[in-house]
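Along the sequence shown, residues are numbered consecutively beginning with 1.
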Amino acid sequence: MSNPMRAIPLLRPLLHLLPLAAFLLGGCAVGPAYVKPTTPEPLAFKEAQGWSPAAPADALDRGPWWMLFNDPVLNELAAQVEVSNQNVAAAVASYAQARSQVAQQRAALFPSVSLSTSGERSGTRNAGADNNYRLNIGTSWEPDLWGRLRASVGAASANAQASAADLASARLSAQGELAANYFVVRQTDAQAALLATTIEGYQRVLQITRNRFDAGIATKSDVLQAQTQLSNARIDALSLARQRAQFEHAIAVLLGKAPADFSLASAPWQAFVPEIPVGVPSALLQRRPDIAAAERRVASANEQIGIARSAYYPNIGLSASVGNSGSRVSDLFSASSALWSFGLNAAQTLFNAGATRASVAGAEASQQAAVARYRQTVLDAFGDVENQLSATRVLAQQLVLRREASDSADQVEAQILNRYKAGQVSYSEVVQAQASALSARRALVQAQGDRQSTAISLIQALGGGWQAQ
């Protein structure tokens with residue numbers, strides 16, 4: 001049987017192409033060198049003096065930032081988002097697709113090799129039949145003389161990096177939405193507990209008013225007012241139950257579950273808000289994933305200019321093949337009758353009515369638009385942080401005043417009720433005092449919830465936490 005190693009001489013004509021390939025691989029790139037666009041970058045935020053610039057950290061893991069709120073249930077739920085949320089799953093798939101595009105573009109830099117074989121049997125009635133076998137190895141390659149293929153790889157790589165940043169944005173968005181919805185549920189539980197206590201008080205006052213009416217001390221209108229106030233409080237409790245159900249359903253969807261398969265038991269609300277330390281970074285360019293994605297898309301658009309400019313130059317292709325044929329299979333591995341061929345082709349567009357020039361101008365305009373979007377993203381990011389810092393400062397001051405107002409309203413309510421029992425004031429003053437006290441208590445709970453919600457928004461604005469590396 002013939003030795004397969006004898007087929008090596010068939011490849012010798014192709015090996016002569018290697019020096020030429022090495023020469024052609026050193027082609028020049030016609031695209032512009034990428035320079036990261038400049039953006040306004042303040043050394044500190046207006047609303048938080050003393051913050052320092054950040055070290056580059058856009059590729060660092062943000063970590064479980066939700067653990068700053070010291071809530072075990074939130075920690076458990078947030079950890080499920082990355083593996084169960086369908087928007088995150090879609091972003092993961094998009095990133096995998098972008099990485100496959102990089103591999104495809106990179107493969108175009110190298111020659112393609114194909115192997116073909118055939119066999120046929122032919123003859124006539126009188127002369128008999130003959131066998132004919134063929135074996136052919138061919139290769140084709142487009143040398144990247146003008147950098148078009150390398151620019152395509154660079155553009156695909158930049159898009160893949162942008163997709164990775166989009167994935168980080170999707171995770172941060174889903175985790176932030178989950179945390180915000182979770183605290184709304186806990187705030188609703190606190191409001192419901194407050195209303196339950198208030199309803200019990202209203203029921204006692206209604207009984208007192210009925211006793212006074214039966215004794216001929218109070219009027220029928222006092223009883224009706226007390227009943228109206230109690231009914232309105234019960235209506236508010238039902239509205240809170242409906243609101244809680246809606247946010248519980250939203251949490252289920254964020255976790256990739258059907259609302260019927262998820263329930264969140266009521267639990268005491270920990271209205272804890274993490275403090276913002278001095279030294280929080282202000283250089284959001286290295287932290288926010290949406291900024292990183294916008295910058296990478298500028299890089300991709302820059303590569304597209306080189307791809308468009310390469311159309312000014314000729315396309316050059318190389319092809320080669322080597323093969324053999326014979327009446328026996330063993331003859332296919334013999335070099336005595338080998339046939340080989342080598343070809344070079346070139347094509348140059350001589351006239352296309354300015355289409356190439358228009359394509360280059362379009363690519364340059366697209367790059368300028370990407371730069372503008374990148375800069376706008378940076379400005380929006382700084383504005384977002386300033387807004388959240390301002391809200392954090394104001395809400396902290398409001399919380400102190402809300403607590404004072406609630407304490408004062410509670411005292412007024414108690415005094416007015418005692419005076420009513422003594423027959424010194426009318427029941428309308430009791431109703432007014434109770435309504436004011438309830439409003440102040442609920443406003444205090446709302447202020448505590450707003451602080452937590454603002455803290456979550458600030459964490460998202462900072463790119464997923466403020467811990468400096």
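- Considering every non-hydrogen atom in both Leu206 and Val223, the closest pair reads CD1-O, 3.8 Å.
- Within the 3.5 Å criterion, the main-chain N or O of Gly362 finds no donor-acceptor partner in the side chain of Ser366.
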* Asked: Between Arg297 and Asp166, is a side chain to side chain contact (heavy atoms under 4.5 Å, CB included) present by the stated rule, with each step listed?
  -> CA-CA 11 Å; Arg297 289 189 170 93; Asp166 290 339; 2.4 Å; yes

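- By the 6.0 Å contact criterion, CZ on Arg402 is open, its count of non-hydrogen atoms from other residues, nucleotides or ligands being 12 or less.
- In this structure, the side chain to side chain contact (heavy atoms under 4.5 Å, CB included) partners of Gln161, at least two apart in sequence or on a different chain, are Arg296.
- For the pair Thr198 (side chain) and Leu194 (backbone), a donor-acceptor distance under 3.5 Å is present.
- Legend: residues meeting side chain to side chain donor-acceptor pair (under 3.5 Å) with Glu82, ordered by chain and number and at least two apart, are Arg171.
- Pro32 approaches Ile305 most closely through the heavy-atom pair CD-CG2, 3.7 Å.
- Take Asp384 and apply the salt bridge (Lys or Arg N to Asp or Glu O under 4.0 Å) test, not counting sequence neighbours, and it matches Arg288.
- With 3.5 Å as the limit, one finds no donor-acceptor pair spanning the side chains of Gln367 and Gln304.
- If you take CG on Leu77 and CG on Leu264, they are separated by 6.5 Å, rounding to the nearest 0.5 Å.
- Under the 3.5 Å distance criterion, the side-chain polar atoms of Asn181 are left unmatched by any main-chain donor or acceptor of Ile251.
- Residues Leu230 and Gln227 are in side-chain contact: their nearest non-hydrogen atoms beyond the backbone lie under 4.5 Å apart.
- Contact annotation: the side chain of Val73 approaches that of Arg186 to within less than 4.5 Å [non-hydrogen atoms, C-beta and beyond].
- The two atoms that bring Ile307 and Arg148 nearest to each other are CG1-O, 3.9 Å, heavy atoms only.
- Of all non-hydrogen atoms in Tyr95 and Ala160, the two that sit nearest each other are CE1-O, 3.4 Å.
- Within the model, atoms CD1 of Ile456 and CD of Gln452 stand 7.0 Å from one another, a figure rounded to the nearest 0.5 Å.
- Not one N or O on the side chain of Ser439 forms a donor-acceptor pair closer than 3.5 Å with the backbone of Ala435.
- Contacts of Gln203 classified as side chain to side chain donor-acceptor pair (under 3.5 Å), with partners at least two apart in sequence or in another chain: none.
- Between Leu195 and Ala237 the shortest heavy-atom distance is CD1-N, 3.6 Å.
- A donor-acceptor pair under 3.5 Å is absent between the side-chain atoms of Asp222 and the main chain of Ala218, judged by distance alone.
- Applying the side chain to side chain contact (heavy atoms under 4.5 Å, CB included) criterion to Gln397, with sequence neighbours excluded, gives Arg393.
- Remark: the backbone N or O of Ser263 is not paired with any side-chain donor or acceptor of Glu248 at under 3.5 angstrom.
- Between Arg357 atom CZ and Arg309 atom CZ the span is 14.0 Å, to the nearest 0.5 Å.
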* **Verdict with supporting geometry, Leu167 and Val92, side chain to side chain contact (heavy atoms under 4.5 Å, CB included)** => CA-CA 6 Å; Leu167 172 58; Val92 171; 3.5 Å; yes

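- If you check the side chains of Ser94 and Ser163, you find no donor sitting under 3.5 Å from an acceptor.
- Under 3.5 Å, the side chains of Ser300 and Asn159 contain a donor-acceptor pair of N or O atoms.
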What pairs of donor and acceptor atoms, side-chain ones from residues 99-109 against any protein atom, are under 3.5 angstrom apart with sequence neighbours left out?
from, atom 1, to, atom 2, distance (Å)
Ser100, OG, Gln97, O, 2.5

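- Side-chain contact between Leu68 and Ile459 is present, with heavy atoms from C-beta onward closer than 4.5 Å.
- Expressed to the nearest 0.5 Å, how far CD of Glu404 lies from CG of Leu399 amounts to 10.0 Å.
- Counting heavy atoms from C-beta on, the side chains of Val385 and Gln388 never come closer than 4.5 Å.
- The side chain to side chain donor-acceptor pair (under 3.5 Å) test applied to Tyr34 returns Glu295, not counting sequence neighbours.
- Sorted by first and then second residue, the pairs that involve residues 174-228 and meet ring-ring contact (aromatic ring centres under 6.0 Å, His included), not counting sequence neighbours, are Phe69-Phe183.
- Considering only heavy atoms from C-beta on, Val360 comes within 4.5 Å of Tyr312 through its side chain.
- Considering only residues two or more places apart in sequence or on other chains, Tyr427 meets the ring pair (Phe, Tyr, Trp, His ring centres under 6.0 Å) condition with Tyr420.
- Around OH of Tyr313, the count of heavy atoms belonging to other residues, nucleotides or ligands within 6.0 Å does not exceed 12.
- Annotation: side chain of Asn232 is in contact with side chain of Ile235 (closest heavy-atom distance under 4.5 Å).
- Proximity of a side-chain donor or acceptor of Ser457 to a complementary backbone N or O of Ser453 within less than 3.5 Å is detected.
- The structure places CG of Asp236 at 7.0 Å from CG of Leu438, a figure rounded to the nearest 0.5 Å.
- The residues Asp380 and Arg375 are annotated as not salt-bridged, no charged nitrogen and carboxylate oxygen being separated by less than 4.0 angstrom.
- Between the side chain of Gln175 and the backbone N or O of Ser173, no donor-acceptor pair lies under 3.5 Å.
- The main-chain N or O of Val298 is never found under 3.5 Å from a side-chain atom of Asn302 such that the two would form a donor-acceptor pair.
- In this structure, the side chain to side chain contact (heavy atoms under 4.5 Å, CB included) partners of Ala437, at least two apart in sequence or on a different chain, are Ala409, Asp410, Glu413, Arg441.
- With Asn418 contributing its side chain and Ala414 its backbone, the two residues share a donor-acceptor pair below 3.5 Å.
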* **Trace of the side chain to side chain contact (heavy atoms under 4.5 Å, CB included) decision for Gln243 with Val184** => CA-CA 9 Å; Gln243 179 182 351; Val184 170; 4.1 Å; yes

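- A side-chain donor-acceptor contact under 3.5 Å links Asn352 and Thr356.
- Every side chain to side chain contact (heavy atoms under 4.5 Å, CB included) that Asn75 has, sequence neighbours left out, goes to Trp66, Met67.
- Remark: Arg451 engages no residue in a salt bridge (Lys or Arg N to Asp or Glu O under 4.0 Å) (not counting sequence neighbours).
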* Taking it one step at a time, do Ser112 and Ser140 satisfy side chain to side chain donor-acceptor pair (under 3.5 Å)? -> CA-CA 6 Å; Ser112 63; Ser140 62; 3.0 Å; yes

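- A side-chain donor from one of Gln446 and Asp450 sits under 3.5 Å from a side-chain acceptor of the other.
- The two residues Trp269 and Gln448 have their closest heavy-atom pair at CH2-CB, 3.5 Å.
- The structure places CG of Leu172 at 9.0 Å from CG of Asp290, a figure rounded to the nearest 0.5 Å.
- The environment of CD in Gln80 is crowded: more than 12 heavy-atom neighbours from other residues, nucleotides or ligands sit within 6.0 Å.
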